[in-house]
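Side chains are part of it too, since the values below use all heavy atoms of this structure and drop only hydrogens, waters and symmetry mates. Residue numbers begin at 1 in each chain, while the letters A, B, ... track the order of the sequences.
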Protein chains: 2
Amino acid sequence: MDPESDQDVCTKWSTTLRVYHDTSSELEHELQSRHGLGLSEFEVLQILAGRCRVESGHKVKMKDLEAEMYLSQSALSRTVTRLEKSGLVGRAACDFDRRANFLMLTPEGRERWEAARPTHRAVLERHLA
Amino acid sequence: MDPESDQDVCTKWSTTLRVYHDTSSELEHELQSRHGLGLSEFEVLQILAGRCRVESGHKVKMKDLEAEMYLSQSALSRTVTRLEKSGLVGRAACDFDRRANFLMLTPEGRERWEAARPTHRAVLERHLA
DNA sequence: TCAAATTACATGCTCGTGCATTGGATGTCA
DNA sequence: TGACATCCAATGCACGAGCATGTAATTTGA
């Protein structure tokens, strides 16, 4: 509440704004132009790639995905729909709970993610290293 | 490029994402519900309030504003139009260059900004202190 | 001096996002 | 078991954002 901490938080916030906008807009452009992926789409692939190991049969529930992303339920639903239409992600019904969806990377989805990963990492290095 | 710095930038980025999303979405909600202002609108008022002192006759050029904001030219144009329609900002022609616009806070604009400022500051304190 | 390039701002268009709602499935409890 | 609450995901809707373009004013340079 004192002037000093005010100055602190303002500086911190403007730094955060700058880093966030610079980095995310370059991520968006690079991923889109080089790999045809939006940032949200890449992030979904990234999470699926990291979690689709042996456990749970290579599948991830929408709700689990939602919990790890800064995206509303509806936005995530549409993002996954776009990825599904592009053939990068597959949906599968859940036997135990037919309300829920399971998601998994397709082979093509894994390829695209692996192709895009260096681009993603390079942008982060450039802005955050 | 080494694994360590990769880990560093990834951690840094996910921290930035979390702080940015948490803070900006709460800013957006609080400013909208309490003061009827979008975050971009508040930021425009903030810059105008800070710059509309004696120098340059209390006016700011669109281009100068644009340089200080993370907003495209078109988005800024529309944001200012919204603020103008709400009576919070005034546009004035520039005598020297009739392409350019000058902007200034209206008295009501300054009131709204001063009313919203504590809300804005409180959210920053809460997330960044 | 005047045509071409540049600049400032507005606007048409499309897209991704959030909110509210819906539809269907599951859980709860009397 | 049946009625009601809760939960998951999809969808209608509105809105803010960026890109491309348009319009008008200014600058440039041959």
A.B. asks: Looking only at non-hydrogen atoms, find the nearest pair between Glu28(A) and Leu39(A) and report the distance.
C.D. replies: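 Closest pair (atom of Glu28(A), atom of Leu39(A), distance): OE2-N, 3.0 Å.
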A.B. asks: May I ask you to evaluate whether His29(B) reaches the phosphate of dC19(C), defined as a side-chain N or O under 4.0 Å from OP1 or OP2?
C.D. replies: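 His29(B) to dC19(C) OP1/OP2: side-chain N or O found under 4.0 Å.
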A.B. asks: Among all residues two or more places apart in sequence or in another chain, which pass the side chain to side chain contact (heavy atoms under 4.5 Å, CB included) test with Ala93(B)?
C.D. replies: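 In terms of side chain to side chain contact (heavy atoms under 4.5 Å, CB included), with neighbours along the sequence ignored, Ala93(B) is linked to no residue.
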A.B. asks: Give the first and the last nucleotide of DNA chain D, reading 5' to 3', that has any atom under 4.0 Å from a heavy atom of chain A.
C.D. replies: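 Both ends considered, the range comes out as dC7(D) to dC19(D).
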A.B. asks: List for me each residue that meets side chain to side chain contact (heavy atoms under 4.5 Å, CB included) alongside Thr106(A), sequence neighbours excluded, and say none if there are none.
C.D. replies: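 Checked Thr106(A) against side chain to side chain contact (heavy atoms under 4.5 Å, CB included); matches are Glu108(A).
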A.B. asks: Could you check how far CD of Glu26(B) sits from P of dG18(C), rounded to whole Å?
C.D. replies: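 Checked: the CD to P distance equals 16 Å.
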A.B. asks: Output every pair passing ring pair (Phe, Tyr, Trp, His ring centres under 6.0 Å) with a member in residues 80-101 of chain A, not counting sequence neighbours, ordered by first then second residue.
C.D. replies: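 Those involving residues 80-101 of chain A do not exist here.
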A.B. asks: Could you list the donor-acceptor pairs under 3.5 angstrom formed between side-chain atoms of residues 40-50 of chain B and any protein atom two or more places apart in sequence or on another chain?
C.D. replies:
{"unit_1": "Glu41(B)", "atom_1": "OE1", "unit_2": "Gly38(B)", "atom_2": "N", "d": "3.1"}
{"unit_1": "Glu41(B)", "atom_1": "OE2", "unit_2": "Arg82(B)", "atom_2": "NE", "d": "2.7"}
{"unit_1": "Gln46(B)", "atom_1": "OE1", "unit_2": "Trp113(B)", "atom_2": "NE1", "d": "2.8"}

A.B. asks: With nearest nucleotides of DNA chain D determined for Ala75(B) and Met62(A) from heavy-atom distances, which residue corresponds to the more 5′ nucleotide?
C.D. replies: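 Taking each residue's closest nucleotide, the earlier one in sequence belongs to Met62(A).
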A.B. asks: Which heavy atom in Ala92(A) sits nearest to a heavy atom in Met104(A), and how many Å separate them?
C.D. replies: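 Taking every non-hydrogen atom into account, CB-CE, 4.1 Å.
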A.B. asks: Checking side chain to side chain contact (heavy atoms under 4.5 Å, CB included) for the pair Lys59(A)/Leu103(A): CA distance, chi angles, key distance, verdict?
C.D. replies: CA-CA 5 Å; Lys59(A) 294 169 189 167; Leu103(A) 303 176; over 6 Å; no
A.B. asks: Please identify each residue that fulfils side chain to side chain contact (heavy atoms under 4.5 Å, CB included) with Ser25(A), with sequence neighbours left out.
C.D. replies: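 Per chain and number, Ser25(A) pairs via side chain to side chain contact (heavy atoms under 4.5 Å, CB included) with no residue.
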A.B. asks: With a non-hydrogen cut-off below 4.0 angstrom, is Thr79(A) in contact with a base, only sugar-phosphate, or nothing?
C.D. replies: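 Thr79(A): backbone/sugar contact only, no base atoms under 4.0 Å.
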A.B. asks: Base contacts versus sugar-phosphate-only contacts with protein, heavy atoms under 4.0 Å: please encode nucleotides 21-27 of chain C as B, S and - from 5' to 3'.
C.D. replies: ---BBS-
A.B. asks: Report the end-to-end axis angle of the helix from dT1(C)-dA30(D) to dA30(C)-dT1(D); each axis comes from five terminal pairs, and the value is rounded to 10°.
C.D. replies: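 What I find for the helix from dT1(C)-dA30(D) to dA30(C)-dT1(D) is an axis angle of 10°.
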A.B. asks: On the 0 to 90° scale, with breaks at 30° and 60°, tag the Tyr20(B)-His21(A) ring pair as parallel, tilted or perpendicular.
C.D. replies: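 Perpendicular.
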A.B. asks: Considering residues at least two apart in sequence or located in another chain, which fulfil the side chain to side chain contact (heavy atoms under 4.5 Å, CB included) criterion with Ser74(B)?
C.D. replies: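 Ser74(B) satisfies side chain to side chain contact (heavy atoms under 4.5 Å, CB included) with Ser72(B), Arg78(B) only.
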A.B. asks: For DNA chain D, find the residues of residues 30-40 of chain B with a heavy-atom distance under 4.0 Å and give them by number; none if there aren't any.
C.D. replies: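 Listed by number, they are Ser40(B).
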A.B. asks: Determine the contact category for Leu71(A): base if any of its heavy atoms lies under 4.0 Å from a base atom, sugar-phosphate if only primed atoms, P, OP1 or OP2 are that close, otherwise nothing.
C.D. replies: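 Answer is sugar-phosphate: Leu71(A) comes under 4.0 Å of backbone atoms only.
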A.B. asks: From CD of Glu28(B) over to C1' of dT17(C), roughly how many Å is that when rounded to an integer?
C.D. replies: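 After rounding, the gap between these two atoms is 11 Å.
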A.B. asks: Among all residues two or more places apart in sequence or in another chain, which pass the salt bridge (Lys or Arg N to Asp or Glu O under 4.0 Å) test with Arg18(B)?
C.D. replies: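 Arg18(B) satisfies salt bridge (Lys or Arg N to Asp or Glu O under 4.0 Å) with no other residue.
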A.B. asks: Using whole Å, what does the distance between atom C1' of nucleotide dA10(C) and atom CG of Leu65(B) come to?
C.D. replies: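 In whole Å, dA10(C) C1' and Leu65(B) CG are 16 Å from each other.
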A.B. asks: Return all side-chain donor-acceptor pairs below 3.5 angstrom for residues 62-70 of chain A, not counting sequence neighbours, or 'none' if the list is empty.
C.D. replies:
{"unit_1": "Lys63(A)", "atom_1": "NZ", "unit_2": "Glu66(A)", "atom_2": "OE1", "d": "3.1"}
{"unit_1": "Glu68(A)", "atom_1": "OE2", "unit_2": "Arg51(A)", "atom_2": "NE", "d": "2.7"}
{"unit_1": "Glu68(A)", "atom_1": "OE2", "unit_2": "Arg51(A)", "atom_2": "NH2", "d": "3.0"}

A.B. asks: In whole angstrom, give the distance that lies between atom NZ of Lys61(B) and atom C1' of dA8(C).
C.D. replies: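 Rounded to whole Å, this separation is 11 Å.
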A.B. asks: Can you name the nearest heavy-atom pair linking Arg112(A) to Gly36(A), along with the distance?
C.D. replies: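 Where Arg112(A) meets Gly36(A) most closely, the heavy atoms are NH2-O, 3.8 Å.
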A.B. asks: Output the rounded distance in Å from CG (Asp64(B)) to C1' (dA8(C)).
C.D. replies: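 Taking CG of Asp64(B) and C1' of dA8(C), I get 12 Å after rounding.
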A.B. asks: Between dA10(C), dA20(C), dT11(C), which nucleotide gets closest to the side-chain atoms of Arg78(B)?
C.D. replies: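 Nearest listed nucleotide: dT11(C).
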A.B. asks: Would one find more than 12 heavy atoms of other residues, nucleotides or ligands at under 6.0 Å from atom CZ of Arg91(A)?
C.D. replies: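 Enclosed: over 12 neighbouring heavy atoms sit under 6.0 Å from CZ of Arg91(A).
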